[in-house]
Chemist: 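Structure below; questions to follow.
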Amino acid sequence: MKTCRHIAGIAAGLLVFAAASSVQAQKLTGAGATFPNPIYSKWFSEYSAAHPGVEINYQSIGSGGGIRQVTAGLVDFGATDGPMNDDQIAQSKIKLVHIPTVLGAVVPIFNVSGVSDLKFSPEVLADIFLGKITNWNDGRIAQDNPGAKLPNQTINVVHRAESSGTTYIFSDYLSKVSKDWTNGPGKGQQLSWPKGIGGKGNEGVAGFVRQLPGAIGYVELIYAMQNHISFGQVKNAAGNWVKASIAGVTEAAANTKQIPADYRVSITNAPGAGSYPISSFTWLLVPVKAADANKGKVLKDFLNWMLISGQNEVSALYYAPLPEALVKREHVTVDNLK
């Protein structure tokens with residue numbers, strides 16, 4: 001019996017070795033979104049460790065930078081939190097496909113003296129970033145937060161300085177809930193902000209808010225958790241106050257009835273009693289036909305690994321895994337890459 005188990009162990013080890021050896025040593029480069037950088041860093045490190053000779057170098061420079069670099073052919077893949085628009089796709093030198101990787105939440109973080117929890121209605125959140133609400137003890141904030149000891153403190157708005165998918169998600173949400181926002185800054189990766197200071201990356205915004213009294217900003221959930229920064233509840237489309245969580249993001253995705261063939265979809269302000277309203281997919285931008293066939297093979301193998309093994313690790317970093325039905329669709333898309 002012991003001999004059988006020993007043989008089975010050797011066989012399993014050989015299968016793992018064979019799987020790792022099937023991918024040739026390659027160095028891949030990617031660039032883009034800061035929103036998923038914590039999980040991407042973990043994935044790329046683990047995949048490389050399991051595939052000797054494979055190195056994946058990812059630069060967390062913002063979604064806009066990732067789109068520019070991959071469409072110009074400067075990197076092997078890009079990453080974005082806001083899907084490319086039709087004009088960007090048409091102008092790209094390379095035919096690309098969007099591959100959803102995880103789901104995440106953008107949260108309003110704040111640094112208010114003596115206050116650790118706040119509720120933000122959609123209109124109030126928009127008006128704070130529009131500069132119409134300028135003090136933390138404003139009556140509209142107080143109305144949503146009865147009993148909170150709001151200080152007579154100026155609100156210091158912090159936003160992203162560069163072209164950003166996190167900005168796209170946040171502004172996509174605000175455009176759905178505020179006419180003034182729609183007619184003002186609007187939706188996009190880089191906006192003409194009415195007020196505030198810019199931080200580079202989710203890291204930069206988190207750093208400014210943590211250091212600046214009276215500050216408010218927006219970051220992906222893990223950046224609030226890792227930096228121990230307070231973040232607020234947001235009223236969702238059902239009228240319920242919801243704090244960002246894996247469950248709330250998962251519900252938002254589940255209540256988005258139709259995801260198009262090219263995977264470019266918005267799930268902000270989704271219906272559902274527990275849906276977190278500022279939720280989104282994030283995407284890798286992958287060439288349909290790789291310029292280097294060997295690199296293309298490694299990238300395909302990584303994507304399939306990400307869709308199976310990688311999804312088991314996302315919750316530990318406060319992301320939500322992809323729905324199973326979507327994973328099945330994506331495997332087909334990945335298999336068709338050349």
Chemist: Under 3.5 Å, is there a donor-acceptor pair between the Asn57 and Thr29 side chains?
Modeler: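 Note: Asn57 and Thr29 side chains miss the donor-acceptor criterion.
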
Chemist: Is Lys295 reaching over with its side chain to a backbone N or O of Gln26, donor-acceptor style, under 3.5 angstrom?
Modeler: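 No, the answer is negative, given that no donor and acceptor are paired below the 3.5 Å cut-off.
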
Chemist: Verify, without hydrogens or angle tests, whether Asn145 (side chain) and Leu118 (backbone) share a donor-acceptor contact under 3.5 angstrom.
Modeler: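 Side chain of Asn145 to backbone of Leu118: no pair is present.
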
Chemist: So if you build clusters from Ile, Leu, Val, Met, Phe, Trp, Tyr with side-chain heavy-atom gaps below 4.5 Å, do Ile89 and Trp283 land together?
Modeler: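 Ile89 and Trp283: separate clusters.
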
Chemist: Is it true that a side-chain atom of Lys300 and a backbone atom of Asp335 form a donor plus acceptor pair closer than 3.5 Å?
Modeler: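 Checked: pair present.
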
Chemist: Please examine the side chains of Pro260 and Val265, heavy atoms only from C-beta on, and report whether any two atoms are closer than 4.5 Å.
Modeler: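 SC-SC contact between Val265 and Pro260 confirmed.
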
Chemist: Could you check whether any side-chain heavy atom of Asp117 comes within less than 4.5 Å of a side-chain heavy atom of Gln233, counting everything from C-beta outward?
Modeler: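 Side chain of Asp117 against side chain of Gln233, heavy atoms only: contact under 4.5 Å found.
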
Chemist: Verify, without hydrogens or angle tests, whether Trp136 (side chain) and Asn152 (backbone) share a donor-acceptor contact under 3.5 angstrom.
Modeler: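 Not at all, since once roles are kept as given, no pair shorter than 3.5 Å links the two residues.
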
Chemist: Taking Glu251 for the side chain and Gly274 for the main chain, is one N or O donor matched with an acceptor at less than 3.5 Å?
Modeler: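 Yes, the answer is positive, given that a donor and an acceptor are paired below the 3.5 Å cut-off.
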
Chemist: Is there a donor-acceptor pair closer than 3.5 Å between any side-chain N or O of Thr182 and the backbone N or O of Ser175?
Modeler: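 Flag set: sc Thr182 to bb Ser175 pair under 3.5 Å.
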
Chemist: Would the number of heavy atoms belonging to other residues, nucleotides or ligands and lying under 6.0 Å from NZ of Lys195 be above 12?
Modeler: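 Counting other residues, nucleotides and ligands, NZ of Lys195 exceeds 12 neighbours.
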
Chemist: What is the ring orientation for His51 with Tyr47, classed by angle as parallel under 30°, tilted 30 to 60°, or perpendicular over 60°?
Modeler: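 The rings of His51 and Tyr47 lie parallel, inter-plane angle below 30°.
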
Chemist: Does any donor atom in the side chain of Tyr218 or Thr167 lie under 3.5 Å from an acceptor atom in the other side chain?
Modeler: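 There is such a pair between these side chains.
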
Chemist: Tell me if a side-chain donor or acceptor on Thr80 pairs with a main-chain N or O of Ser63 at a distance below 3.5 Å.
Modeler: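 Answer holds: no.
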
Chemist: Just wondering, do Ile128 and Val124 contact through their side chains at under 4.5 Å, heavy atoms?
Modeler: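 SC-SC contact between Val124 and Ile128 confirmed.
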
Chemist: Do side-chain atoms of Asn111 reach the backbone of Leu212 as a donor and acceptor pair under 3.5 angstrom?
Modeler: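 Checked: pair present.
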
Chemist: More than 12 heavy atoms of other residues, nucleotides or ligands under 6.0 Å from CZ of Phe120: yes or no?
Modeler: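 Correct, the count exceeds 12.
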
Chemist: Taking atom types as modelled, find out whether Thr282 and Tyr319 have a side-chain donor-acceptor pair closer than 3.5 angstrom.
Modeler: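 Looking only at side-chain atoms, Tyr319 and Thr282 do not form any donor-acceptor pair under 3.5 Å.
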
Chemist: Taking the side chain as every heavy atom from C-beta outward, state whether Tyr276 and Leu221 have any atom pair closer than 4.5 Å.
Modeler: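 A side-chain contact is absent here, since even the closest heavy-atom pair is not under 4.5 Å.
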
Chemist: Should Leu285 and Met306 be regarded as members of a common hydrophobic cluster, given that ILVMFWY residues are connected when their side-chain heavy atoms come within less than 4.5 Å of each other, either directly or indirectly?
Modeler: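 As far as the 4.5 Å side-chain criterion goes, Met306 and Leu285 are not connected within one cluster.
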
Chemist: Pick one: which of Leu337, Ile94, Asp292, Val97 meets side chain to side chain contact (heavy atoms under 4.5 Å, CB included) with Pro287?
Modeler: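 The passing option is Ile94.
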
Chemist: Using a 4.5 Å cut-off on heavy atoms from C-beta on, say whether the side chain of His331 contacts that of Asn304.
Modeler: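 Heavy-atom side-chain distance check passes, below 4.5 Å.
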
Chemist: Mind checking whether Ser178 and Pro122 have side chains closer than 4.5 Å, heavy atoms only?
Modeler: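 A side-chain contact is absent here, since even the closest heavy-atom pair is not under 4.5 Å.
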
Chemist: Should we say atom CD of Glu46 is surrounded by more than 12 heavy atoms from elsewhere, each under 6.0 Å from it?
Modeler: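 Check passes, neighbour count above 12.
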
Chemist: Below 30° counts as parallel, above 60° as perpendicular, anything between as tilted: where do the rings of Phe170 and Phe129 land?
Modeler: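 The arrangement is perpendicular - the two ring planes meet at more than 60°.
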
Chemist: Can you list every pair that meets salt bridge (Lys or Arg N to Asp or Glu O under 4.0 Å) and has a residue in residues 138-148, with sequence neighbours left out?
Modeler: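 Only Asp127-Arg140 qualify under salt bridge (Lys or Arg N to Asp or Glu O under 4.0 Å).
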
Chemist: Quick one: does Gln189's side chain have a donor or acceptor within less than 3.5 Å of a partner on Gly82's backbone?
Modeler: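 Yes.
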
Chemist: Side-chain heavy atoms under 4.5 angstrom apart, residues restricted to Ile, Leu, Val, Met, Phe, Trp, Tyr: same cluster for Val177 and Val107?
Modeler: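 Linked within one cluster.
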
Chemist: Are Val75 and Phe302 in one and the same hydrophobic cluster, where Ile, Leu, Val, Met, Phe, Trp and Tyr link if side-chain heavy atoms are under 4.5 Å apart?
Modeler: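 Unlinked, Val75 and Phe302 end up in two clusters.
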
Chemist: Is there a donor in the side chain of Thr34 and an acceptor in the side chain of Tyr223, or the other way round, less than 3.5 Å apart?
Modeler: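 No, no side-chain donor-acceptor contact under 3.5 Å.
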
Chemist: Same hydrophobic cluster for Trp305 and Val54, using side-chain heavy-atom links shorter than 4.5 Å among ILVMFWY?
Modeler: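 Linked, Trp305 and Val54 end up in one cluster.
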
Chemist: Is there side-chain contact between Thr71 and Leu96, with at least one heavy-atom pair below 4.5 Å?
Modeler: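 Thr71 vs Leu96: side chains touch.
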
Chemist: Should we count NZ of Lys200 as having more than 12 external heavy atoms under 6.0 Å?
Modeler: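 No - once you tally the heavy atoms of other residues, nucleotides and ligands closer than 6.0 Å, there are 12 at most.
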
Chemist: I'd like to check Asn236 versus Val234 (side-chain heavy atoms, cut-off strictly below 4.5 Å). Are they in contact?
Modeler: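 No, their side chains stay 4.5 Å or more apart.
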
Chemist: So, the side chain of Arg264 versus the backbone of Met84: is there a donor-acceptor pair under 3.5 Å, distance only?
Modeler: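 Here the side-chain-to-backbone pair exists.
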
